[in-house]
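This report refers to the structure that appears directly beneath it.
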Amino acid sequence: MTTPAIKGQAGLTGNSAIAYGMKQINPDVCAAYPITPSTGIVEEFSGYVADGAVDTEFITVESEHSAMSACIGASAAGARVMTATSSQGLAYMWEMLYIASGMRLPIVLTDVNRALSAPINIHCDHSDSMGARDAGWIQLYSETVQEAYDNLLQAVRIAEHKDVMLPVMVCLDGFITSHAIENITLINDADVKEFIGEYQAAHPLLDTDNPVTYGAMTLPDTYMEFKHQQSKAIARSKDVVSEIGKEFGKKFGREYGLMEKYKLDDADAAIVILNSAAGTTKVAVDELRKAGKKVGILKPRLFRPLPYREIADALRNVKSVAVLDRVDSMNGFGGPLFNETRSALYELEKRPKVISRIFGLGGRDYKVKDAVQVFDELLKIADTGKVESLTKYIMNKES
Amino acid sequence: MAYIEIRWHGRAQQGIVTAAKMLGESCLRAGKYVQAFPEFGPERMGAPVRAYNRVSDEPIRLHCQVAEPKYILIADPTLIATVNVAEGAPDDAVFIVNTPKSLGEMQKELGLKSKSAKVYTLDASKISLENIGRNMPNTPLLGALAKATKVITLDALIDNFKENYSKKFSAKVIEGNIAAMRRGFQEVKGE
């Protein structure tokens with residue numbers, strides 16, 4: 001059976017799709033310092049600025065630290081603000097990331113996932129965004145070019161929602177998604193405009209009739225109240241992400257939830273995995289299902305905040321789970337997605353066995369056969385109840 | 001899932017990343033699901049580069065490297081001595097090589113063990129020099145691919161090129177490349 005590609009689709013790389021989405025969003029301010037592999041986003045978007053296709057104030061800065069600082073200033077002033085970066089660039093924004101979230105500024109940042117130095121490497125892994133996982137930003141992950149574009153449009157709504165008011169990071173895989181042309185259905189400009197709506201900052205600095213202070217000094221008697229409010233806001237954002245994902249589905253036909261469950265309902269064994277590698281894993285699931293093996297996938301879309309109840313619910317009936325992290329926490333105890341998934345499952349009365357596998361660091365290829373191997377191991381664990389190695393690297397090197 | 005995998009070998013600045021892009025776009029216009037992506041290393045002019053396509057009637061979920069390409073296009077024949085251009089190729093792989101050498105010479109040079117593998121040759125550099133004024137073997141190779149395989153038609157390649165690149169390039173460059181595609185289609189030789 002064949003399903004012809006949807007009429008009117010375009011072929012775009014992840015970077016082009018994000019730049020195009022930014023053009024449609026037409027933010028008031030974009031401050032950026034290009035870095036591989038997200039360079040294409042900033043390059044193409046600056047082209048839109050030069051051509052007069054957007055009204056954006058485009059601020060070229062001398063570093064990512066300044067890029068995020070300029071975004072923070074502009075957002076506090078009341079502007080709709082976007083930027084993009086990767087790897088060392090995100091790491092260099094480090095202290096400013098916390099300031100953006102602490103000031104409750106709805107900045108939207110695209111992180112094209114790339115490994116962190118040392119050793120230096122330009123290819124994909126998740127050490128950059130996972131390093132920033134506790135910076136108070138909402139994080140959305142994207143399997144395909146289409147998902148990256150759709151996530152970007154929804155990110156604006158999530159960030160600016162009155163119950164949230166927090167920055168959002170949209171993550172997609174460096175090179176694998178950022179530089180690959182795939183079929184994508186674009187939304188027309190008017191519909192994007194209507195979906196994201198006009199932005200009215202609740203407390204803009206430039207509203208001099210109603211003066212406010214951002215980033216003031218707080219002492220032990222108040223700091224904790226700020227953090228408590230921030231903590232509640234990011235917890236609340238989970239429902240907002242669901243709501244907007246549903247609304248997006250109603251309007252444009254592609255519904256988004258907090259996670260995608262692929263053939264998981266009757267599965268004995270499951271892989272939990274983020275971004276593009278979930279697609280490769282789906283191909284493995286299809287192959288194994290043909291051979292009668294009950295395997296499935298849980299692909300979280302929202303990682304911050306962690307939808308822990310929904311994760312536990314999704315994995316309630318499986319016997320064994322492998323959480324595949326494209327990053328090592330360097331804690332001697334597996335990756336971040338592993339630890340948090342495993343912790344989420346603790347609430348279940350009957351818990352599956354959970355193992356950690358680290359894969360794909362610095363762009364190392366992850367193939368269908370790697371996923372098949374993990375599933376074989378999981379099915380064995382499901383049978384015997386015995387785990388031979390709790391944490392392991394998938395090296396996947398032939399020579 | 002049924003899909004076709006294609007690998008392009010060239011050197012940086014020979015336009016194979018663009019060729020993969022143009023092929024992907026043309027297939028997409030023909031109602032296919034596509035992927036087109038380069039393999040990047042440290043970038044410098046003249047360095048060996050690979051680019052890939054996947055083409056399918058169903059959505060493509062694979063996000064790993066192309067490991068078993070059925071069609072292999074070689075934009076620079078000097079790579080045959082330095083890079084394993086036949087890596088992962090199935091027995092019935094099809095090789096399309098830019099070379100002034102004869103088909104027999106190229107078959108020998110590639111040294112393919114499988115008898116069901118097919119080799120096609122064309123002097124894409126000469127075609128591009130004559131039609132575009134510089135060594136840009138990518139568009140003649142696309143024309144040759146349309147002739148040697150059923151992946152795409154020449155008309156689909158030309159229509160896509162006219163529609164998507166007319167804003168980017170001058171009329172002279174567009175015409176030169178279209179002529180180069182046509183000549184690649186006409187002049188490719190195979191068994």
Side-chain angles (χ1 to χ4, degrees), chain A residues 1-14 16 36-37 120-124 143-146 172-184 262 273 275-287 290 297 359-360 363-371 396 398-399, chain B residues 1-6 8 16-44 49-68 84 87-88 152 156-157 159-161 163-165 167-168:
Chain A
M1 193 188 78
T2 59
T3 352
I6 298 159
K7 234 182 152 187
Q9 279 193 320
L12 293 181
T13 63
S16 293
T36 300
I120 192 164
N121 177 294
I122 59 167
H123 293 279
C124 175
E143 178 184 327
T144 59
V145 171
Q146 182 78 63
L172 59 140
D173 283 347
F175 291 106
I176 302 166
T177 311
S178 69
H179 284 63
I181 291 172
E182 292 181 355
N183 297 50
I184 176 173
Y262 188 74
I273 194 163
N275 273 13
S276 69
T280 308
T281 311
K282 285 175 185 170
V283 176
V285 165
D286 291 349
E287 276 182 17
K290 267 185 213 154
I297 299 168
F359 78 102
R364 178 67 56 87
D365 201 20
Y366 166 79
K367 299 175 198 295
V368 174
K369 71 172 175 57
D370 299 319
N396 183 11
E398 269 137 40
S399 50
Chain B
M1 185 172 72
Y3 54 87
I4 302 165
E5 290 187 325
I6 299 161
W8 298 78
I16 61 150
V17 175
T18 307
K21 179 174 186 264
M22 287 164 59
L23 178 61
E25 289 163 352
S26 304
C27 293
L28 188 143
R29 282 168 54 105
K32 302 285 186 185
Y33 289 93
V34 301
Q35 285 179 345
F37 54 102
E39 181 179 86
F40 280 102
E43 287 165 56
R44 61 214 185 274
V49 182
R50 294 174 182 210
Y52 306 95
N53 287 107
R54 283 195 183 100
V55 182
S56 175
D57 288 323
E58 293 162 45
I60 303 169
R61 286 167 164 150
L62 282 176
H63 285 109
C64 49
Q65 283 169 19
V66 164
E68 294 168 2
N84 182 8
E87 187 186 352
I152 192 73
L157 286 169
D159 288 349
N160 172 66
F161 189 63
E163 194 165 302
N164 280 334
Y165 294 82
K167 268 191 192 163
K168 210 171 162 188

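Computed from a predicted model, the values in this text were never measured in an experiment.
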A:Tyr366 and A:Thr281: side chain donor to acceptor below 3.5 Å: yes
Donor on one side chain, acceptor on other, B:Glu39 and B:Tyr52, under 3.5 Å: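 Short answer, yes.
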Side chain / backbone / both / neither for A:Asp286 at chain B, heavy atoms under 4.5 Å: side chain
Atom group of A:Ala10 that falls short of 4.5 Å from chain B, counting heavy atoms: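 For A:Ala10, the backbone is the part near chain B, not the side chain.
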side-chain contact (heavy atoms from CB on, under 4.5 Å) partner of B:Phe37, the single match among B:Asn53, B:Val66, B:Val17: B:Val66
Student check: side-chain heavy atoms of A:Cys124 and A:Phe175 closer than 4.5 Å: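 A side-chain contact is absent here, since even the closest heavy-atom pair is not under 4.5 Å.
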Choice from B:Glu25, B:Lys21, B:Arg54 maximising heavy atom contacts with chain A below 4.5 Å: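 Highest number of heavy-atom pairs under 4.5 Å: B:Lys21.
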Most contacts with chain B, counted as non-hydrogen pairs under 4.5 angstrom, among A:Ser276, A:Pro37, A:Gly8, A:Gly363: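 Of A:Ser276, A:Pro37, A:Gly8, A:Gly363, A:Ser276 has the most heavy-atom pairs under 4.5 Å with chain B.
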